[in-house]
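Just below is one structure, and these are the notes that go with it.
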Amino acid sequence: MDVGFIGLGVMGQPMALNLARAGMRPVVWNRTAERCAPVRAAGAEVAASAAEVFRRCGTVFLMLADEAAVDAVLGRGGPDFAARVAGRTVVHMGTTSAEYSSGLQDDVRAAGGRYVEAPVSGSRVPAERGELVGMLAGDDDAVAAVRPLLAPMCREAFGCGAVPGALLMKFSVNLFLITLVTGLAEAFHFADRHGVDQRLLRDVLDAGPMASAVSRVKAPKLLERDFTVQAAAADVLKNNRLIAQAARAADLASPLLDLCHALYEETVARGHGAEDMVAVLHALEARTAAAPAPPTPPARRPR
């Protein structure tokens, strides 16, 4: 049976394109039909509905925005759910709460289907290059069947045990990513306010031990104030909330994450949610602008 792919957003479209370019001819569907055109041109077949994708395909990848979108596509909670998932493997690649994923696995199994959790690490550029890092959780046989299908999308995939192990791994990775990029933005803001040459800052970072694939992508964006989206600030805020909820559920302290949470809330509230995550710079600049001026020292009395 064919491979299906539902959800052609910022990440999903290049992922599905890579499947098509690898000759897999995926059957795709997206709520906004125009997003299907480039994937069709690369060799994919476009279904008329999500239901058609499930009818035709034995394995269906879901790269959807949130839990409500996943439930809607699956028909979960209604009479269509069992018919869609029975005898099929549902591969959940989006980012949702760990509790949601565990419950979805239970429902898919009860309806006679198989379930694999397969979130990815990486933003739009790695997705375009087929260089995402996959994390897999689920029954061993289901994971083994899905793993080779990830090859056009991921340069490496790691087994993370039982569900929700893959999502918890992604939360751990994203906690580091969020704090890393926020710190990088603050460093550029600090340099700017002190009149430090930001191009030189970029070069020093690139030459030193703090350089990473992330800094080499995000530092030029900060330097040029290029906020075109690779990983949207609104999506980062969603991830931040999910990680914070998981931390609270485990009675974990997460002080750096909590501060980033507040900054991304401010970024989105200021209208930058559709911009890249480096737009957190706007929240930092707004805090600086709102900070009270330092008190004027008292005049010295003449002696």
Side-chain angles (χ1 to χ4, degrees), residues 3-7 9-12 14-16 18-19 22 59-67 69-70 89-106 108-109 113-181 212-214 217 230-232 235-236 238-247 249-250 252 254 257 277:
V3 171
F5 199 105
I6 297 177
V10 170
M11 295 288 289
M15 293 165 72
N18 284 329
L19 288 177
T59 299
V60 179
F61 291 98
L62 304 179
M63 191 61 175
L64 298 165
D66 53 33
E67 297 167 5
V70 174
T89 301
V90 176
V91 186
H92 173 36
M93 303 193 79
T95 306
T96 60
S97 74
E99 293 79 8
Y100 171 85
S101 184
S102 294
L104 181 57
Q105 175 181 245
D106 292 343
V108 169
R109 283 175 170 174
R114 300 196 299 179
Y115 180 80
V116 174
E117 202 178 67
V120 293
S121 178
S123 57
R124 180 176 56 82
V125 172
E128 290 172 345
R129 295 173 178 169
E131 295 177 351
L132 296 167
V133 175
M135 291 151 277
L136 293 161
D139 293 339
D140 290 345
D141 58 342
V143 167
V146 166
R147 184 183 287 276
L149 301 177
L150 296 178
M153 300 182 283
C154 300
R155 60 180 168 83
E156 197 161 357
F158 293 88
C160 299
V163 171
L167 274 169
L168 292 173
M169 180 63 76
K170 175 162 186 180
F171 291 167
S172 303
V173 171
N174 278 9
L175 196 161
F176 178 51
L177 171 67
I178 291 167
T179 55
L180 177 69
V181 173
S212 68
V214 171
V217 169
Q230 293 173 339
D235 291 335
V236 173
K238 183 194 83 168
N239 275 262
N240 205 318
R241 286 173 176 154
L242 290 170
I243 301 166
Q245 289 167 9
L252 289 173
S254 54
L257 180 74
M277 66 186 298

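Each residue takes its place number in the sequence, starting with 1.
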**OP:** Supply the atom-to-atom distance Asn239 CG to Leu175 CG, rounded to the nearest 0.5 angstrom.
**Re:** 10.5 Å
Original post:
Can you tell me if Lys238 uses its side chain to pair, donor with acceptor, with the backbone of Thr96 under 3.5 Å?
Top reply: no
**OP:** State, yes or no, whether a side-chain contact exists between Phe158 and Val133 at a heavy-atom distance under 4.5 Å.
**Re:** yes
Subject >> Gap between atom CE of Met11 and atom OG of Ser123 - 0.5 Å precision >> reply: 6.5 Å
Subject >> Any donor-acceptor pair under 3.5 Å from Asp139 side chain to Ala142 backbone >> reply: no
**OP:** Evaluate the side-chain proximity of Gln245 to Glu99: yes if any heavy-atom separation is below 4.5 Å, no if none is.
**Re:** no
**OP:** May I ask you to test the Met15-Phe61 pair for a side-chain heavy-atom distance under 4.5 Å?
**Re:** no
**OP:** Could you walk me through whether Met63 and Val120 pass the side-chain contact (heavy atoms from CB on, under 4.5 Å) test, one step at a time?
**Re:** CA-CA 10 Å; Met63 191 61 175; Val120 293; 4.3 Å; yes
Subject >> Residue pair Leu62 / Val91, side-chain heavy-atom distance below 4.5 Å >> reply: no
Original post:
Quick one: do the Ser121 and Lys170 side chains pair a donor with an acceptor below 3.5 Å?
Top reply: no
**OP:** Give a yes or no answer on whether the side chain of Gln105 reaches the backbone of Gly138 with a donor-acceptor pair at less than 3.5 Å.
**Re:** no
Subject >> side-chain contact (heavy atoms from CB on, under 4.5 Å) between Ile178 and Ile243, worked out >> reply: CA-CA 11 Å; Ile178 291 167; Ile243 301 166; 4.2 Å; yes
Subject >> Validation row: Leu177, Asn174 side chains within 4.5 angstrom (heavy atoms) >> reply: yes
Subject >> side-chain contact (heavy atoms from CB on, under 4.5 Å) between Tyr115 and Leu104, worked out >> reply: CA-CA 8 Å; Tyr115 180 80; Leu104 181 57; 3.6 Å; yes
Original post:
Would you call Phe5 and Leu19 a side-chain contact if the rule is heavy atoms closer than 4.5 Å?
Top reply: yes
Original post:
Run the side-chain contact (heavy atoms from CB on, under 4.5 Å) check on Phe176 and Leu257 step by step: do they pass?
Top reply: CA-CA 9 Å; Phe176 178 51; Leu257 180 74; over 6 Å; no
Subject >> Check: Glu67/Ser97 side-chain N/O donor and acceptor closer than 3.5 Å >> reply: yes
Subject >> Inter-residue atom distance Glu131.CD - Glu156.CD, 0.5 Å rounding >> reply: 12.0 Å
**OP:** Indicate yes or no: at least one non-hydrogen side-chain atom of Gln230 is less than 4.5 angstrom from one of Met277.
**Re:** no
Subject >> Donor-acceptor contact below 3.5 Å, side chain Asp235 vs main chain Ala231 >> reply: no
Original post:
Relative to the ring of Tyr100, is the ring of His92 parallel (under 30°), tilted (30 to 60°) or perpendicular (over 60°)?
Top reply: perpendicular
Subject >> Test item: Val60 and Val90 side chains (from C-beta on) under 4.5 Å apart, heavy atoms >> reply: no
Original post:
Once you round to the nearest 0.5 Å, how far does CG of Asp66 lie from CG of Leu242?
Top reply: 10.0 Å
